[in-house]
Amino acid sequence: MNKEKSSNIADAIKQWVRPEIRALKAYHVPSATDCIKLDAMENPYQWPESMVDEWLGLVKDVELNRYPDPSASLLKDSLRQSMSVPAGADILLGNGSDELIQMVLMAVAGQEQTVLSVDPSFVMYDMVATYTGMHYVSVPLNDDFSLDVAAFLAAIDKHKPAIIFIAYPNNPTGNLFERADLQKIIDAAPGVIVIDEAYHAFASDSFMDEAGQVENLLVMRTVSKMGLAGLRLGLLAGKTEWLNEFDKVRLPYNLNVLTQATAQFALQHQSVLDAQTETICKNRELLFTALSEIPGLQVYPSQANFILFRTRKGEASAIFDKLKEAGVLIKNLSPVGGTLSDCLRVTVGMPEENSAFLKALGQALE
Ligand SMILES: *Cc1c(COP(=O)(O)O)cnc(C)c1O
């Protein structure tokens, strides 16, 4: 009886679920209870107790029985200021920047349309292209993870992409590409180019100044990496005409009342977040130096809140496992293969977490 049922389900799934979805593996997030969590680019710092108390007082009055403000207008004003969005640019908010990627691709989707990015880069560009039935093409980065601009321009010419995503700084490599190269890509892009600045808070450059001025340029930001990953809030800045189209596929109440109230509160205390970001950047430099001194590791400079490093050939997965056994969770990128073979990525944590990681790494390398 049971067996018959399950085979019916299997048949039904085969009949009704799109083949490209059946072929996917669900986005896997490893559980991380009771360990030092340095795998997900989170800000490790909490708010000061007085700030938490003030926030609790505010949350007490949030009306959970009411739908949220569909336009999140107060929050938009705070974000414009916090993210230095130019007056000539409009903004669109998403439930995390992941949702913005989804909205952009839903608005342009079509089997013959191409999404173009680089490889390796943020996995959601590829995933969401698949969800929306689009064709995904990525141009390999050079061995040092710099951008191969000639190859990228050739790919633009060949595929005429509807949408280009460039993470700046790039994830999982941590570097900024040459600004002049990106300028060439912006000029050559036939459709829209989204510069994904998820790590802007830790980086020395940004394209935000040009949002709203350059016709086909959109700049994407998130509050996730600056200490508010739990809220799920991202923004896209650019020309009103584009954003109006993308807004049509946004679900009406995509930002819940608690996110709106909390984000606005947090942005009123921006100096707390900024101080944490500054500390993380200092800790990144210390961690970079310490890693660079370990024989056998190749460590890549980072403008983000994580560091990518390469182990000796064939050793990454064993090192990752030993770290995990020692209670330190980082990200193993080696299974991805290609230029990421033998690569591990560690998020910059608190000094004591970074020390525990370095100690466990030293032991794993013995
Ligand atoms: C983390 C990350 C995001 C996702 O941000 P959310 O706002 O948390 O959805 C987007 N782009 C890049 C490059 C990232 O690393």
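Both counts, for ligands and for their atoms, begin at 1 and track the order of listing.
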Pairs of nitrogen or oxygen atoms, one from ligand 1 and one from the protein, closer than 3.5 Å: please tabulate them with distances.
unit_1, atom_1, unit_2, atom_2, d
ligand 1, 5 (O), Ser97, OG, 3.0
ligand 1, 7 (O), Ser97, N, 2.7
ligand 1, 7 (O), Ser97, OG, 2.9
ligand 1, 7 (O), Thr222, OG1, 2.5
ligand 1, 7 (O), Ser224, OG, 3.3
ligand 1, 8 (O), Ser224, OG, 2.6
ligand 1, 8 (O), Arg232, NH1, 2.7
ligand 1, 8 (O), Arg232, NH2, 3.4
ligand 1, 9 (O), Ser97, N, 3.2
ligand 1, 9 (O), Asp98, N, 3.0
ligand 1, 9 (O), Asp98, OD1, 3.3
ligand 1, 9 (O), Asp98, OD2, 3.3
ligand 1, 9 (O), Arg232, NH2, 2.8
ligand 1, 11 (N), Asp196, OD1, 3.4
ligand 1, 11 (N), Asp196, OD2, 2.6
ligand 1, 15 (O), Asn171, ND2, 2.9
ligand 1, 15 (O), Tyr199, OH, 2.6
ligand 1, 15 (O), Lys225, NZ, 3.1

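- Checked for salt-bridge contact, Arg18 and Glu20 meet the test: a charged N lies under 4.0 Å from a carboxylate O.
- The aromatic rings of Phe306 and Tyr199 lie perpendicular to each other, with more than 60° between the two planes, well past the 30° mark.
- The backbone N or O of Asp342 sits less than 3.5 Å from a side-chain atom of Ser334, completing a donor-acceptor pair.
- Separation of the Phe165 and Phe122 ring centroids does not fall under the 6.0 Å cut-off.
- Both tests pass for Arg179 against the ring of Phe207: distance under 6.0 Å to the centre and angle within 45° of the axis.
- With respect to Asp247 and Arg250, a salt bridge is recorded, a charged nitrogen being found less than 4.0 Å from a carboxylate O.
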